[in-house]
Amino acid sequence: MSGVAGMVDLHHHILPEVDDGARNLDEAVQLARRAVEQGISTVVATPHVFDGVHDVERGVALAAADRLRDALALARVPLEIRVAAELRVDERLEQRLREEPGLSLDGHGRYALIELPHESVPPFLTPLLFRMRAHGTVPVIAHPERNLGVRGNPEITQQWVEFGAMLQITAAALDGALGPVIGRTARHLLAHGRVHLVATDAHRIDRRPPHVAAAFEIAERVVGRDGAHALFMGNPAIVARSGSPDAVVAPVRVRRGGLVGWFDRVRST
Ligand SMILES: [Fe+2]
């Protein structure tokens, strides 16, 4: 746990009974306990907006967070809960963010967690990223390793990063818990210097619980201790406190072959 003590988890469906995350208050408290055991000190709750099934209203999310904070205080679980959103890319996204900047990861509209559909990359994505940056919001793309277009051709993410987007991969992808293809894609993005942030995207105690220790060790092997620290600790903290994007540690490409190549071969067998 020492590697991630004090981590801010920027992507987590911990709020009870609002989306496909925690099914009730008790499960939310269990998720919180598990997060604390892993070294996480702050969770930014990111309920789904526009994902075709859920469109969690701000008031509902804030009320769920209040219930959870009360329960955590009672259970003496030292976890800070903030409330943002995971916004599925949609033509209404920019207007929604303008009307409700609290949906952003920092609460002030500087960083927004956006999610691609799983099956494809919408044609309006690149202009959307460009416009968001032009208007002062950094798009943080959630779990690109799960998108079929990225899995087929990870190089398409290069343009998104050049347009000023940041990529957030899921800890459970890195350690292989989400399957070999997603794992390979996540490690490819990491080794090629495209990943800025790691978060848990935790949902339920028995399905994608918050687990970061193994992923941190793998990230250390791929990008070194300082690089892993930036991904899990330094960069999420900058985003959460609405720091300047210039302060975010830029990912670097690690050399081809050597450890990374060896590692990917071992993991994919
Ligand atoms: Fe999510």
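Numbering of ligands and ligand atoms starts at 1, following listing order.
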Exercise for the section: Please determine which of Thr157, Val140, Val150 meets the side-chain contact (heavy atoms from CB on, under 4.5 Å) test together with Leu167. Expected result: Thr157
Problem - Contact flag His48/the Fe ion (ligand 1), N/O/S atoms, threshold under 2.8 Å - result: no
Completion exercise
The atom of Glu86 among N, O or S that is nearest the Fe ion (ligand 1) is OE1
Practice task
Using a strict 4.0 Å threshold on nitrogen-to-oxygen distance, state whether Arg187 and Asp175 make a salt bridge.
Solution key: no
Practice task
Using a cut-off of strictly less than 2.8 Å, determine whether Glu115 has an N/O/S atom near the Fe ion (ligand 1).
Solution key: no
Problem - Pair Asp90 + Arg92, salt bridge at N-O below 4.0 Å - result: yes
Fill in the blank from the handout: the Fe ion (ligand 1) has as its nearest N, O or S atom from Asp201 the atom OD1
Problem - Charged N-O contact under 4.0 Å between Arg58 and Glu100 - result: no
Handout entry: Pair Arg194 + Glu155, salt bridge at N-O below 4.0 Å
Key = yes
Exercise for the section: Could you confirm whether His203 has any N/O/S atom lying under 2.8 Å from the Fe ion (ligand 1)? Expected result: no
Problem - Minimum-distance N/O/S atom that His11 presents toward the Fe ion (ligand 1) - result: NE2
